[in-house]
There are 2 protein chains.
Amino acid sequence: MPTTRLDRAVIRDLPMFRPLSPEDLDAVLAHAVARRLAPGETAFRQGDAADAFFVLLHGRLKVTQTSADGQQVVVRHVNPGELFGIARAVRRPDFPGTAEALTDSVAIAWPADAWDALVARCPGLAVDALATVGQRLQDAHTRIRELATEAVERRVAHALLRLVRQAGRKTDEGILIDFPVSRQDIAEMTGATLHTVSRLMAAWEAKGLIAGGRKRVTVRDPHALFMLAEGEGR
Amino acid sequence: MPTTRLDRAVIRDLPMFRPLSPEDLDAVLAHAVARRLAPGETAFRQGDAADAFFVLLHGRLKVTQTSADGQQVVVRHVNPGELFGIARAVRRPDFPGTAEALTDSVAIAWPADAWDALVARCPGLAVDALATVGQRLQDAHTRIRELATEAVERRVAHALLRLVRQAGRKTDEGILIDFPVSRQDIAEMTGATLHTVSRLMAAWEAKGLIAGGRKRVTVRDPHALFMLAEGEGR
DNA sequence: CGCTGCCTTGACCACTTTCAATTCGCGTGG
DNA sequence: CCACGCGAATTGAAAGTGGTCAAGGCAGCG
């Protein structure tokens with residue numbers, strides 16, 4: 001796991017560190033290391049001791065959770081600038097999921113015990129963390145409601161729209177989701193099977209709503225997708 | 001909404017206030033009011049301005065979320081001693097759900113702006129809140145995984161076991177869930193229909209695993225239920 | 001005593017999953 | 001450079017779960 005020393009420029013522009021002076025920034029980075037992750041590498045695995053926490057500088061990760069019998073779900077995606085792996089801050093001794101890089105990524109890692117010191121120097125961080133976790137809780141409740149009440153088609157449409165919002169990149173073909181997403185991934189995000197997702201997406205592709213490829217999705221007609229996701233049915 | 005003045009004895013024994021001196025306790029209570037809720041009354045409703053936060057002293061609440069098209073899910077149950085309605089602490093302007101009393105209940109309410117002052121006087125509270133929200137996030141992810149990967153029968157078994165853990169009271173019939181739970185409620189907790197839940201529970205009752213009644217559930221054989229919830233299937 | 005909710009139960013069928021082949025795309029190594 | 005091989009995606013057919021529709025029954029309360 002290659003690591004490098006850090007310059008304060010790399011975190012100066014992150015919202016959570018915005019209020020800090022240059023000296024503060026240096027202090028914050030004193031115990032931090034950067035870590036580069038190739039696609040498929042993991043920052044941490046489910047069940048590992050939560051001995052660090054992270055900020056993603058560049059790239060994309062997915063966080064998954066696997067049940068005792070091997071069933072896997074995608075918990076969320078991590079985008080640049082976001083805190084992740086803060087299990088310890090919520091008083092958990094181990095990581096509840098696995099964080100895997102989808103593209104070449106760079107994260108900063110702090111030892112878990114640095115949390116308290118960091119918060120002391122930068123009180124905004126705790127507030128930020130609370131707001132962040134609160135927001136994730138909202139998102140989780142939204143997903144629970146979707147899983148509990150919506151049909152598969154709608155859930156898949158919602159998932160695609162969420163991916164577009166998080167990582168959409170405009171191209172002349174439409175809006176490309178800017179990291180590799182397999183049908184299996186979408187299935188694990190929506191609680192459906194690979195097969196059902198494939199069939200749905202094939203149908204949408206035939207109608208021109210989206211364009212697909214191996215681990216690639218481009219949304220051509222977001223509005224039509226939105227109608228599928230929200231529309232009052234028929 | 002009947003309110004009364006508060007004596008510090010009522011909060012002295014709550015874990016989050018444990019470290020406070022008697023003077024601190026009085027200060028904490030200075031702006032608080034107690035509020036009594038009859039079954040069916042709500043502490044707040046989805047969409048209301050988040051102008052207060054609460055601790056439940058006595059009774060039980062359920063928190064529900066309703067989607068635009070009227071579909072409802074039970075987000076969680078609130079037990080005595082727990083913080084609830086802390087939307088404002090996670091920087092939300094409104095409540096994302098509705099909190100309804102299931103039994104006669106008493107809650108303490110603070111105006112939302114009291115949060116910062118309270119945290120200043122009692123720093124443990126922020127830590128506690130972060131841990132609480134973090135725990136809820138874990139629970140939410142667990143539920144997401146269940147909804148995404150498990151069959152209805154297992155989900156219902158899990159839901160009953162969770163209710164037993166939260167509010168089980170030993171009787172000579174078995175373990176009674178100590179507040180009113182309708183089949184509809186269980187359906188809204190598990191993302192199933194009332195009908196499916198009723199059929200499942202009727203079958204379990206025939207096998208002697210549980211005993212039912214109007215808004216009442218008694219678990220007679222928790223171990224057998226656990227097998228259904230976790231067992232490798234057939 | 002008659003409501004008003006809550007619960008039960010049957011019949012039917014739609015949607016998803018399961019099972020099973022194939023095809024396709026891409027990176028690898030000969 | 002091409003053949004190979006593996007993971008990803010597609011697609012058909014069959015099976016089954018759980019939802020929808022429809023009719024009561026039962027209990028507590030005014």
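Residue numbers start from 1 in every chain, and the chains themselves are labelled A, B, ... in the order their sequence lines are given, proteins ahead of strands.
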What is the distance, to the nearest angstrom, from the [atom1] atom on [X] to the [atom2] atom on [N]?
X: B:Arg216; N: C:dG5; atom1: CZ; atom2: P; value: 22 Å
X: B:Leu200; N: C:dT9; atom1: CG; atom2: P; value: 12 Å
X: B:Arg155; N: D:dT17; atom1: CZ; atom2: P; value: 14 Å
X: A:Arg214; N: C:dC26; atom1: CZ; atom2: C1'; value: 6 Å
X: B:Leu194; N: C:dT8; atom1: CG; atom2: P; value: 9 Å
X: A:Glu205; N: D:dA9; atom1: CD; atom2: P; value: 12 Å
X: B:Gln71; N: D:dG19; atom1: CD; atom2: P; value: 11 Å
X: B:Met201; N: C:dC6; atom1: CE; atom2: P; value: 15 Å

D:dA9 OP1/OP2 closer than 4.0 Å to side-chain N/O of A:Ser198: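 Checking A:Ser198 against D:dA9: no side-chain N or O falls below 4.0 Å of OP1 or OP2.
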For D:dG18, does OP1 or OP2 lie under 4.0 Å from any side-chain N or O of B:Thr193? no
Side-chain (A:Thr190) to main-chain (A:Ile186) donor-acceptor, under 3.5 angstrom: yes
Looking at A:Arg145, is its backbone amide N or carbonyl O close enough to the side chain of A:Thr149 to form a donor-acceptor pair, meaning the two atoms are under 3.5 Å apart? yes
Sidechain N-carboxylate O distance under 4.0 Å for [X], [Y]:
X: A:Arg76; Y: A:Glu82; value: yes
X: A:Lys62; Y: A:Asp185; value: yes
X: B:Glu41; Y: B:Arg35; value: no

Over the length of the helix from C:dC1-D:dG30 to C:dG30-D:dC1, how much do the five-pair end axes diverge, rounded to 10 degrees?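 Roughly 30°, once rounded to the nearest ten degrees.
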Can you classify the ring geometry of A:Phe95 versus A:Phe44 as parallel (below 30°), tilted (30 to 60°) or perpendicular (above 60°)?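 If you compare the ring of A:Phe95 with that of A:Phe44, the planes turn out parallel.
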According to the interplanar angle, ranging from 0 to 90°, do the rings of B:Phe179 and B:His77 count as parallel (below 30°), tilted (30 to 60°) or perpendicular (above 60°)? tilted
Looking only at non-hydrogen atoms, find the nearest pair between [X] and [Y] and report the distance.
X: A:Arg88; Y: A:Ala112; answer: NH1-CB, 3.4 Å
X: A:Val197; Y: A:Ala187; answer: CG2-CA, 3.8 Å
X: B:His158; Y: B:Ala229; answer: CE1-O, 3.4 Å

Of A:Arg136, A:Gln135, A:Arg143, which is the lone residue that meets side-chain hydrogen bond (donor to acceptor under 3.5 Å, both in side chains) with A:Asp139?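 Considering A:Arg136, A:Gln135, A:Arg143, a side-chain hydrogen bond (donor to acceptor under 3.5 Å, both in side chains) with A:Asp139 is found only for A:Gln135.
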Among the nucleotides C:dC6, C:dT17, C:dT16, which one has an atom lying closest to any side-chain atom of B:Lys215?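 Nearest nucleotide to the side chain: C:dC6.
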Check the interface with nucleotides 19-23 of chain C: list each N/O to N/O pair with the protein under 3.5 Å, or write none.
none

Tell me which residues in residues 181-192 of chain B put a heavy atom below 4.0 Å from DNA chain C, sorted by number, or none.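 Per residue number, the list reads B:Ser182, B:Arg183.
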